[in-house]
Amino acid sequence: MRKLFPAIVFILLGTVCKKPTIAPLPLSGIWVEKSLRMDTLDFETQNQGVFSGPTIFLRSSPYSDPVLNPAYPTNHSSIYQYNLVGDTLHLKNFVSSSSLFVPFHCVLSAGSNELRIDKFYNRRSLAAVVLFEKVR
């Protein structure tokens, strides 16, 4: 029995220490903002080990904003780390000096083709709630 004990402990540790399989969140895929079609949320691109959790890549087409910056195009592209809890998407901007997750109300349609989310980036021509549609 003494000879079997280390083998049993080794087998148990091997099964307990396995890396858990992470199920994809319902927010997987590529989403395009519906009204202007200039902003894309990418939930598919892997974070390459930079973050400890899932990430969103916001790809925003640059545009001229004479109020904010008349000399240069404005670009809101960024990388966000996120957590989805119920109907709240908690976001942390990678380029921000803040390390806090900020909550934004998020509603995924029943068919999973539309995503309504409180505006979390500063494109002035968008409403307070932004509608995205899944394209892939």
Side-chain angles (χ1 to χ4, degrees):
M1 184 67 177
R2 283 187 168 182
K3 292 181 180 181
L4 287 176
F5 183 72
I8 293 171
V9 170
F10 182 74
I11 291 170
L12 289 175
L13 283 177
T15 57
V16 171
C17 295
K18 283 186 180 177
K19 189 173 182 178
T21 305
I22 299 172
L25 292 173
L27 294 178
S28 64
I30 307 292
W31 301 77
V32 175
E33 190 275 321
K34 281 187 87 165
S35 64
L36 301 175
R37 304 194 70 79
M38 296 179 70
D39 305 319
T40 303
L41 296 178
D42 179 355
F43 290 90
E44 288 187 344
T45 304
Q46 299 300 313
N47 62 30
Q48 304 300 324
V50 176
F51 302 108
S52 61
T55 55
I56 302 172
F57 291 87
L58 170 66
R59 294 188 183 105
S60 179
S61 298
Y63 65 98
S64 295
D65 189 339
V67 175
L68 291 178
N69 194 350
Y72 299 102
T74 303
N75 189 345
H76 298 293
S77 296
S78 193
I79 302 170
Y80 296 87
Q81 190 173 6
Y82 74 93
N83 293 314
L84 181 62
V85 180
D87 63 350
T88 304
L89 188 64
H90 299 268
L91 298 173
K92 179 170 66 169
N93 193 332
F94 177 69
V95 296
S96 173
S97 60
S98 174
S99 62
L100 300 175
F101 281 88
V102 180
F104 295 92
H105 184 71
C106 172
V107 177
L108 186 62
S109 69
S112 298
N113 292 333
E114 289 187 348
L115 173 67
R116 293 181 187 274
I117 184 170
D118 291 345
K119 186 165 66 172
F120 60 94
Y121 60 101
N122 293 325
R123 186 177 292 276
R124 294 167 37 109
S125 56
L126 293 176
V129 176
V130 183
L131 181 62
F132 288 88
E133 72 176 327
K134 190 169 187 173
V135 294
R136 185 173 60 171

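Please read these numbers as outputs of a predicted model, since none were measured by experiment.
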Excluding sequence neighbours, so at least two apart, what forms side chain to side chain donor-acceptor pair (under 3.5 Å) with Ser35?
Glu33
Using salt bridge (Lys or Arg N to Asp or Glu O under 4.0 Å) as the criterion, list what pairs up with Asp39, not counting sequence neighbours.
Arg123
Determine, stepwise, if the pair Cys106 / Thr88 fulfils side chain to side chain contact (heavy atoms under 4.5 Å, CB included).
CA-CA 5 Å; Cys106 172; Thr88 304; over 6 Å; no
Ser78: which residues meet the side chain to side chain donor-acceptor pair (under 3.5 Å) condition with it, sequence neighbours left out?
Asn93
Rounded at 0.5 Å granularity, tell me how far OG in Ser98 sits from CZ in Phe101.
10.0 Å
Name all residues meeting the salt bridge (Lys or Arg N to Asp or Glu O under 4.0 Å) criterion together with Lys34; count only those two or more places apart in sequence or in a different chain, and write none if there are none.
Glu114
Given side chains that start at C-beta, do those of Val102 and Leu91 come closer than 4.5 Å, heavy atoms only?
no
Are Ile30 and Leu131 connected in the hydrophobic side-chain network, where two residues link if heavy atoms are under 4.5 Å apart?
no
Please confirm whether the ring centroid of Tyr82 lies under 6.0 Å from the ring centroid of Phe43.
yes
Are Val130 and Leu36 joined in one hydrophobic group, where the rule is that I, L, V, M, F, W and Y side chains link up if heavy atoms are under 4.5 Å apart?
yes
Derivation of the side chain to side chain contact (heavy atoms under 4.5 Å, CB included) call for Phe104 and Lys119:
CA-CA 8 Å; Phe104 295 92; Lys119 186 165 66 172; over 6 Å; no
Sorted by chain and residue number, the side chain to side chain donor-acceptor pair (under 3.5 Å) partners of Ser109 (sequence neighbours excluded) come out as none
Atom CZ of Arg59 and atom OG1 of Thr40: how far apart are they, to the nearest 0.5 Å?
7.0 Å
To the nearest 0.5 Å, atom CG of Leu115 lies from atom NZ of Lys134 at 10.0 Å
All side chain to side chain donor-acceptor pair (under 3.5 Å) counterparts of Arg37, not counting sequence neighbours:
Glu133
Using the rule that two of Ile, Leu, Val, Met, Phe, Trp, Tyr join whenever any of their side-chain heavy atoms come within less than 4.5 Å, decide whether Phe120 and Leu126 are in one cluster.
yes
Is it the case that the side chain of Lys92 and the backbone of Asn83 share a donor-acceptor pair, with hydrogens and angles ignored and the cut-off at 3.5 Å?
no
In terms of hydrophobic clustering (I, L, V, M, F, W, Y; side-chain heavy atoms under 4.5 Å; direct or indirect links), are Leu89 and Val85 co-clustered?
no
Can Val129 be reached from Tyr121 by stepping across I, L, V, M, F, W or Y side chains whose heavy atoms are under 4.5 Å apart?
no
Would you mind reporting whether Val32 and Phe132 have side-chain heavy atoms less than 4.5 Å apart?
no
